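Down below is the structure, laid out as structure tokens.
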Amino acid sequence: MTPPGPLGYNHCSARPTPVPLGAEPIEDPGGADAMSSYLDQVVDAIAAVVELPREEIMEAVQPPPSPDMGDYGFPCFQLAKALRRSPAQIASELASQVQVRPPIREARGVGPYLNFFVDRPRFIAEVLGRVHSLGTQFGASDEGAGKTVVIDYSSPNIAKPFGIGHLRSTVIGHSLYQLFRFLGYRVVRVNHLGDWGTQFGKLITAVKHWGGGMDLASATVEDQYRLYVRFHKEAEADPSLEDEARAWHRRVEEHDPEARALWQMFRDASLADFRRMYDLLGVDFDSWAGESFYEDLLDDAVRLAFETGVAREDQGVILVDLSEYDLPPCLLRKSDGATLYATRDLAALLYRYRTYQFHRVIYVVGAPQNLHFQQLFAMVRKMGFDWADRCVHVNFGHIRGMKSREGSLVLLEDVLGRSMQLVRDIIRERQLDVDNVDEVARQVGVGAIVFADLSRRRIKDIEFNWDEILNFEGETGPYVQYTHARLCSLLRKYGEPVDPSADVSLLGEPEEWQLARTLEAFPSAVCRAAEQYEPSIVSSHLLEMAAASNQFYQRHRVIDPANPALTRARVLLVDATRRVIANALGLLNMAAPERM
RNA sequence: GCGGCUGUAGCUCAGUGGAUAGAGCAGCAGACUUCGGAUCUGCGGGUCGGGAGUUCGAAUCUUCCCAGCCGCACCA
């Protein structure tokens, strides 16, 4: 389906009023594009000499491939066609015509491009001043004030243990929570637990058949999982087991005491296990209203579907015809009277709108359920609710190489455990100066797994690979965290307070300029990430900042007793970098340890 | 069969219609006798799945193929 448009942001395209010359540290509580005034000035300069709408110029201006070619570039191909002269000729003519005034320092024709150089010291001063004054709020905004976003994520089927496959929804959803909160939205985190349905009937059937000697009260999730796998194995030979499972599920729905007690037991055991994993991940929810929560609302939902004239009875089932949306019909009640996944999701969606009056509801659920959500949203639209277009399915590719029904599930607990152990090993082998080893092992070990997941665009499938996920070098979570820790170490060594009034015009090295530019671009990366519901935009920007930081660090000495002024300026840059990296890590729900 | 997603270096992936398609991993060769080597530098490696079209300009947009994955009413 076509996702609804962005949340009506004006954040990313907003043009704050240009900063007057000599302005003091910029006050912008919104924290929007700090330097868009530079782009504005460039566009103004072009607009004054070219017969093109401002918006078109804005669209066309882009950064040149190399910093020594300029800071902003305007391609002249289009003009060449209209003016019947070569683009290169036009570019150099325009270069001599445009008004060059601060903060633009120079305009130059570079081949077919009209390139601009800005006042870099001033640019750097503004970025660093802004980061210093806004701190953890650099990149944040209040565009979401008064708006509520409901995010449904993680939402595991708790008849199975927490597998690595569940991780994607959990970390993408939690990152979106951080992003939207950062942009000022009120965010309601909902874990729509899959604690209902035939899968529990299967577990009950399995325990009835093969769980004779099992101590049900102390059964672990692993025991449950063995039952689950065994059920699917046996059901291949004996399909009547499936009927039995459906019957047990119906008895749960009908409040049969025995069925209910068994269901409750399985649910409690699973939930305890899941909570342990959430604690490890640092993930929490505002609502744990799972499918069972909507039990009493199912009849109402089906009734409403009837009353609005969208549902009808057909051959013993209740369904909603969606042919007008080119979608297959959606079943709300089976012929045995039991409800389905779609029924519960419909009830949940209606409940959520009533309860939260959301500006947007986001479902972070795998791409295999694309059709399901198209049907769900089409159903509420057909029921006449105009908020149907505020519902978004944020889908993602699945993790391949595991089949939970066959028992080849990779458990999240094992992955996190091995990752954390690896961190401990590294700390011991390298004799690193870390006193809280367990805490750092958790931060870095978990961070590695989380980052691996969030650093790819969410739609892509992931092939699970131990070697790859346990590699901490290159474009990885530990790499970024290490960069941060090393900057912190540098500041510790410096030992004095950071001086926000340091003379940053001394920062003339290419690596310093490059680093400042990546810091400046952070707020707009945050915007794009939220607009596209795509945390990987934050992670790839984070990698850029880390790379720029490491290149700077490698080539230039920061603390130089012989040059205190330069030291102060570089310390300010280092401090700003460490702050922005920490902000970005926070948006990915990763810790920023100061030593590791 | 119908629909959707994906296809870029050996592998994993970036890539606003614009300048010489970039990173990391793996491989090889290197780095400051002082700020942390989980770092940095260099080298090799590309029919951007294929064809056609639109455009001054296409990895990017349109269309037709091909391949892989996913989905298509009594599972979730």
Side-chain angles (χ1 to χ4, degrees), chain A residues 1 59-60 62-66 69 73 75 77-81 87 110-113 115 157 159 194 196-199 201-202 242 245-246 249 291 314-321 326-336 338 340-342 344-345 366-372 374-375 395 397-398 400 423 426-427 430 432-433 444 448 452 455-457 459-463 465 467-468 471-483 485-494 528 536 540 543-544 546-547 549-551 553-560 567 570 574 595-596:
Chain A
M1 64 171 277
E59 279 289 301
Q62 55 186 317
S66 146
M69 297 167 79
F77 304 99
Q78 234 178 326
L79 292 171
K81 204 181 172 192
V110 181
Y113 289 83
N115 287 355
N157 168 3
W196 203 245
T198 314
Q199 72 261 31
K202 290 174 181 175
E242 299 274 3
R246 276 192 285 271
H249 169 56
E291 293 188 83
D314 188 346
Q315 298 166 30
V317 302
I318 292 173
L319 58 76
V320 176
D321 180 86
D326 280 324
L327 294 170
C330 185
L331 231 58
L332 290 181
R333 216 183 262 291
K334 302 193 268 189
S335 48
D336 68 359
L340 294 103
Y341 183 51
R344 298 188 279 276
D345 255 355
Q369 296 190 47
N370 284 350
L371 178 60
H372 166 74
Q374 284 180 48
Q375 289 180 305
N395 59 5
H398 60 277
R400 289 188 297 204
V423 176
I426 291 173
I427 291 173
R430 302 181 191 175
L432 298 172
D433 172 30
V444 178
S455 59
R456 297 168 171 81
R457 279 173 60 239
I459 195 61
K460 296 218 177 194
D461 290 349
I462 294 180
E463 190 85 39
N465 182 319
D467 292 340
E468 208 173 304
N471 176 15
F472 291 173
E473 286 171 14
E475 297 176 332
T476 66
Y479 166 80
V480 180
Q481 289 171 317
Y482 171 78
T483 304
R486 198 159 59 159
L487 297 177
C488 290
S489 163
L490 188 47
L491 294 170
R492 279 195 302 273
K493 179 149 190 154
Y494 176 62
R528 278 181 292 131
S536 70
S540 60
L543 285 170
E544 267 181 51
S549 171
N550 286 323
Q551 283 158 21
Y553 181 94
Q554 196 74 25
R555 284 180 213 170
H556 304 290
R557 192 169 172 79
V558 174
I559 300 170
D560 180 4
T567 298
R570 285 183 170 167
V574 164
R595 296 171 206 258
M596 60 183 273

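Just so it is clear, the structure is predicted and the values come from calculations on it, not from any experiment. All chains are named by letter (A, B, ...) in the order of the sequence lines, taking the proteins before the strands, and each is independently numbered beginning at 1.
G49(B) and C66(B) have their C1' atoms separated by 7 Å, given to the nearest Å. Spacing of P atoms, A19(B) relative to C11(B), comes out at 26 Å, to the nearest Å. A9(B) and C75(B) have their C1' atoms separated by 42 Å, given to the nearest Å. G17(B) and U39(B): their C1' atoms are spaced 37 Å apart (whole Å). Nucleotides A29(B) and C13(B) are separated by 29 Å at their P atoms, to the nearest Å. For the P atoms, the distance from G7(B) to C28(B) is 31 Å, rounded to whole Å. Between G3(B) and U8(B), the distance separating the two P atoms is 24 Å to the nearest Å. G22(B) and G44(B): their P atoms are spaced 13 Å apart (whole Å).
Side-chain contact check for Arg595(A) versus Ser489(A): every heavy-atom pair is 4.5 Å or farther apart. Contact check for Leu490(A) versus Tyr553(A): side-chain heavy atoms found under the 4.5 Å cut-off.
To the nearest angstrom, C1' of G36(B) lies 11 Å from CD of Gln554(A). Here the C1' atom of nucleotide G4(B) and the CG atom of Asn395(A) are 10 Å apart, to the nearest Å. For the pair Glu475(A) CD and C40(B) C1', the interatomic distance rounds to 15 Å; values are reported in whole Å. Between the CD atom of Gln481(A) and the C1' atom of G36(B) there is a distance of 15 Å, rounded to whole Å. For the pair Glu468(A) CD and A26(B) P, the interatomic distance rounds to 11 Å; values are reported in whole Å. Rounded to whole Å, the distance from CG on Asp461(A) to C1' on C69(B) is 6 Å. To the nearest angstrom, P of U16(B) lies 9 Å from CZ of Arg528(A). In this structure, the CD1 atom of Ile459(A) is 11 Å from the C1' atom of C69(B), given to the nearest Å.
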### Query
Where do Leu432(A) and Met596(A) land on the side chain to side chain contact (heavy atoms under 4.5 Å, CB included) test, with the steps shown first?
CA-CA 7 Å; Leu432(A) 298 172; Met596(A) 60 183 273; over 6 Å; no
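Checked by distance alone, Ser335(A) brings a side-chain donor or acceptor within 3.5 Å of a matching partner on the base of C74(B).
In this structure, Arg457(A) does not reach the C13(B) phosphate: none of its side-chain N or O atoms is under 4.0 Å from OP1 or OP2. Side-chain nitrogen and oxygen atoms of Arg456(A) include none within less than 4.0 Å of the OP1 or OP2 phosphate oxygen of U12(B). OP1 or OP2 of C40(B) lies within a sub-4.0 Å distance of a side-chain N or O belonging to Asn550(A). OP1 and OP2 of A19(B) both lie 4.0 Å or more from every side-chain N or O belonging to Ser66(A). Residue Ser489(A) places no side-chain N or O under 4.0 Å from the OP1 or OP2 atom of C35(B). Listed pair Tyr553(A) / G36(B) meets the phosphate criterion, a side-chain N or O lying under 4.0 Å from OP1 or OP2. Residue Tyr341(A) places none of its side-chain N or O atoms closer than 4.0 Å to OP1 or OP2 of A76(B).
When atom types are taken as modelled, the side chain of Arg570(A) and the backbone of Arg557(A) share a donor-acceptor pair closer than 3.5 angstrom.
Residue Lys460(A) places its side chain closer to A14(B) than to any other of A14(B), A19(B), C35(B). The side chain of Asn370(A) has G4(B) as its nearest neighbour among G4(B), A19(B), A76(B). Among the nucleotides C5(B), C75(B), G24(B), the one closest to any side-chain atom of Arg246(A) is C75(B). Considering only side-chain atoms of Pro64(A), the nucleotide from G36(B), U34(B), A19(B) that sits closest is A19(B). Out of C70(B), U39(B), C74(B), the shortest distance to the side chain of Tyr482(A) is found at U39(B).
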### Task
For RNA chain B, produce a single dot-bracket line, 5' to 3'. Pairs: Watson-Crick or G-U wobble, both distances under 3.5 Å. Symbols: ( ) within strand, [ ] crossing, | other strand, . unpaired.
(((((((..((((....[...)))).(((((.......))))).....(((((..]....))))))))))))....
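Between Gln369(A) and Arg555(A), the residue whose closest nucleotide on RNA chain B is further toward the 5' end is Arg555(A). The residue among Pro63(A) and Glu473(A) whose nearest nucleotide of RNA chain B lies closer to the 5′ end is Pro63(A).
Residue contacts shown for Leu543(A) are absent, as no nucleic acid heavy atom lies under 4.0 Å away. No engagement by Arg333(A) is indicated, since no non-hydrogen atom pair under 4.0 Å with the nucleic acid exists. Counting any heavy atom pair closer than 4.0 Å across all strands shown, Tyr479(A) reaches sugar-phosphate atoms only and no base atom. Residue Gly197(A) is classed as a sugar-phosphate contact, given heavy-atom separations below 4.0 Å to backbone atoms only. If you check every strand for non-hydrogen atoms under 4.0 Å, Leu371(A) touches sugar and phosphate atoms only. Backbone-only engagement by Glu291(A) is indicated by non-hydrogen atom pairs under 4.0 Å involving sugar-phosphate atoms exclusively. Residue Val444(A) is classed as a base contact, given a heavy-atom separation below 4.0 Å to a base.
Every residue was checked against the side-chain hydrogen bond (donor to acceptor under 3.5 Å, both in side chains) condition with Ser549(A), not counting sequence neighbours, and none meets it. Remark: Tyr341(A) engages His372(A) in a ring pair (Phe, Tyr, Trp, His ring centres under 6.0 Å) (not counting sequence neighbours).
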